[in-house]
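Down below is the structure, laid out as structure tokens.
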There are 2 protein chains.
Amino acid sequence: MLSAEHQKILQANALFSGFTEDELAQISRFSAFVEVENQQRLFEQGQIAKDFFLLVSGKIKLAFLSAEGLEKVVDVIQPGHSFAEAVMFFRQRKYPLNASALGHSGVLRVNTGCYLKILESSTKSCFKIMGKLSQRLHWATSEINHLVLHDGKYRLIKFLLANAKKSNNVDLSIAKNILASQLSIKPETLSRTLNELSKQGLIAVDSSHIVLLKPSELEDIIIS
Amino acid sequence: MLSAEHQKILQANALFSGFTEDELAQISRFSAFVEVENQQRLFEQGQIAKDFFLLVSGKIKLAFLSAEGLEKVVDVIQPGHSFAEAVMFFRQRKYPLNASALGHSGVLRVNTGCYLKILESSTKSCFKIMGKLSQRLHWATSEINHLVLHDGKYRLIKFLLANAKKSNNVDLSIAKNILASQLSIKPETLSRTLNELSKQGLIAVDSSHIVLLKPSELEDIIIS
DNA sequence: AAATATCCTTGACACAAGTCAAGCCTTCGT
DNA sequence: ACGAAGGCTTGACTTGTGTCAAGGATATTT
């Protein structure tokens, strides 16, 4: 059962915006606010997915873990965003990756069974979900594209340009080793590449604060 | 407008199976049977997506093309399967990749506008689509996993095991350079890796016919 | 403030995979 | 049947990125 405050947060999310008061109340009854400590697992790869989530505060890291213990960070979820909602449509309803907290975090846990039942009566909400799923799919396919057709430097520059504010600077909200994993390079390589771009005078790095000195030249690199 | 025969083929596909005769007839009116020659483009990266497709005969290659002209084959569609149906839910309704025929092929072209209109009245069909989308998403995320966490040899063995018949042999229905691109390695590397596995006595290669001599040892390689 | 842990950087080296180039083998068209 | 074209293989070389190891910087704990 959710508090009124938490229900408001649900309602603000696109996946719930089309629901009536009644439906929302019903979902609320099958939901809970959960707090997780830094590093704590919210769910694990292979676990049966009875819920999906909406992040209220903190950060959640989504990552694959290979048999050898290598980790690939797929995404770092920010407050306000839902995650693992695609899993409820998988044939095998198992989470394909691990979710763990980066810092103390609060999430809303929503029961998939309850949600699906309500979906059955609203094509409008179905369309929202389909939009979400296709958005995820689009991201994933373009990620494959970037992984195969381009190198680590390209992906770093792409990330910097995508995350730059109007003032052309980027504040990393996550540790560099996690960023490295997201870009599918090793921390050492990230460090070297940042260094290289600095020496070329294209960026300036001050710990987690990066300034894009010549954004247009950076764009040129990823186009050519 | 589709022939009765082609309408049957539509109906056999999961994406249309929940529709009434009336709805199917309506879709048929906004559809067409299209034949494409070997190498001919069905649609291109960036083009506005007014249709999605269902392959009747032949093969369709889906591939990204980078600015430098490098190609990454994402998938080779086989008869009976639909493709590009996720694009209709993208915010920017543009095809993210190229589709071209491998050999003379026949496809059914379905208008997205018409299809979406009918979807609006059937959550059952929405669920079929959501299933399809999440299946695609699941494939894509596990592909990212394989690309980042494993090497080309791993992906080749995985492919061989996945495509082996009961008799433990694999008949490549596509050219080796296309398979190489699907595995995200160069043709030279594919050739060398097949050679390496042959010399180890794990497989036997006779042009496009491959026999898995020791499947269990191959499984061991990808587990460890 | 010292001690500790964690993260980040740097250098030396190793290796998987890409590139370039040449030659081979098959398939196809005339 | 012949030549041409395309695909496949092989060798020699290059290169990006990973690995290992050590040192430096920064934050956290006591």
Side-chain angles (χ1 to χ4, degrees), chain A residues 37-39 59 61 66 68-73 76 100 102-104 146-157 170-199 203-210 221-222, chain B residues 37-39 59 61 66 68-73 76 100 102-104 146-157 170-200 203-210 221-222 224:
Chain A
E37 294 306 317
N38 187 22
Q39 306 279 10
K59 288 191 227 322
K61 179 184 77 177
S66 77
E68 303 94 49
L70 297 173
E71 189 182 69
K72 154 68 182 173
V73 176
V76 175
S100 44
L102 296 177
H104 185 87
H146 291 150
L147 284 172
V148 174
L149 263 19
H150 304 289
D151 59 11
K153 184 163 142 190
Y154 176 102
R155 295 196 296 277
L156 170 57
I157 294 176
V170 181
D171 280 304
L172 301 179
S173 67
I174 53 175
K176 288 215 180 96
N177 56 12
I178 291 180
L179 172 59
S181 181
Q182 263 194 278
L183 297 173
S184 296
I185 54 180
K186 296 283 153 183
E188 292 94 328
T189 306
L190 172 58
S191 181
R192 285 185 241 269
T193 310
L194 283 172
N195 211 324
E196 184 195 334
L197 293 174
S198 290
K199 276 179 186 155
I203 64 174
V205 182
D206 172 27
S207 73
S208 73
H209 188 78
I210 300 169
I221 294 177
I222 65 171
Chain B
E37 294 306 318
N38 186 24
Q39 306 280 6
K59 290 193 221 329
K61 179 184 77 178
S66 77
E68 303 94 46
L70 297 173
E71 187 184 70
K72 154 69 181 171
V73 175
V76 175
S100 44
L102 296 178
H104 184 87
H146 292 150
L147 283 173
V148 173
L149 262 20
H150 304 288
D151 59 12
K153 184 164 143 190
Y154 176 102
R155 295 196 296 276
L156 171 56
I157 294 176
V170 181
D171 280 305
L172 301 179
S173 68
I174 52 174
K176 288 214 180 99
N177 57 12
I178 291 181
L179 172 60
S181 180
Q182 263 195 278
L183 297 172
S184 296
I185 53 180
K186 296 284 152 182
E188 291 93 328
T189 306
L190 172 58
S191 180
R192 285 186 243 268
T193 310
L194 283 173
N195 212 325
E196 184 195 336
L197 294 174
S198 290
K199 276 179 185 154
Q200 290 177 252
I203 64 173
V205 183
D206 172 27
S207 73
S208 73
H209 187 78
I210 300 170
I221 293 176
I222 65 171
S224 68

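Each chain gets a letter, A, B and so on, in the order the sequences are listed, and its residues count up from 1.
Scanning for salt bridge (charged side-chain N to carboxylate O under 4.0 Å, His left out) contacts around D206(A) gives an empty result, with sequence neighbours left out. Under the rule for a side-chain contact (heavy atoms from CB on, under 4.5 Å), the partners of D151(B) that lie at least two apart in sequence or sit in another chain are K153(B), Y154(B). For E37(B), the salt bridge (charged side-chain N to carboxylate O under 4.0 Å, His left out) test picks out no residue, with sequence neighbours left out.
Residues L197(A) and L156(A) form a side-chain contact, since some pair of their non-hydrogen atoms from C-beta on lies under 4.5 Å apart. With contacts defined as side-chain heavy-atom distances shorter than 4.5 Å, the pair I210(A)/L194(A) qualifies. Considering only heavy atoms from C-beta on, R155(A) comes within 4.5 Å of I185(A) through its side chain. Side chains of D171(A) and H209(A) form a contact here, defined as non-hydrogen atoms less than 4.5 Å apart.
The nearest whole Å value for the distance from the CD1 atom in I210(B) to the P atom in dC8(D) is 12 Å. We find that CG of D206(B) is positioned 15 Å from C1' of dT9(D), with the value rounded to whole Å. If you measure from atom CG of L156(A) to atom C1' of dT17(D), you get 14 Å, rounded to the nearest angstrom.
Put simply, CD1 on I203(B) and CG on N195(B) are 9.0 Å apart, with the number rounded to the nearest 0.5 Å. To the nearest 0.5 Å, the span separating NE2 on H150(B) from CD1 on I222(B) amounts to 8.5 Å. With rounding to the nearest 0.5 Å, the separation of CD1 in I178(B) from CG in L102(B) is 4.5 Å.
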Where protein sits on nucleotides 22-30 of chain C, one letter per nucleotide: B base, S sugar-phosphate only, - none, heavy atoms under 4.0 Å: ---------
Base-contact (B) and sugar-phosphate-only (S) positions in nucleotides 5-20 of chain C, heavy-atom cut-off under 4.0 Å, - elsewhere: ---SSBBB----SSBB
Sequence-aligned protein contact record of nucleotides 23-30 of chain D, with B where the base is within under 4.0 Å of a protein heavy atom and S where only the sugar-phosphate is: --------
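With the end axes of the helix from dT9(C)-dA22(D) to dT30(C)-dA1(D) each set by five pairs, the angle from one to the other reads 40° at 10° resolution.
Within the structure, the side chain to side chain donor-acceptor pair (under 3.5 Å) test picks out the following pairs touching residues 172-191 of chain A (sequence neighbours left out): K72(A)-S184(A).
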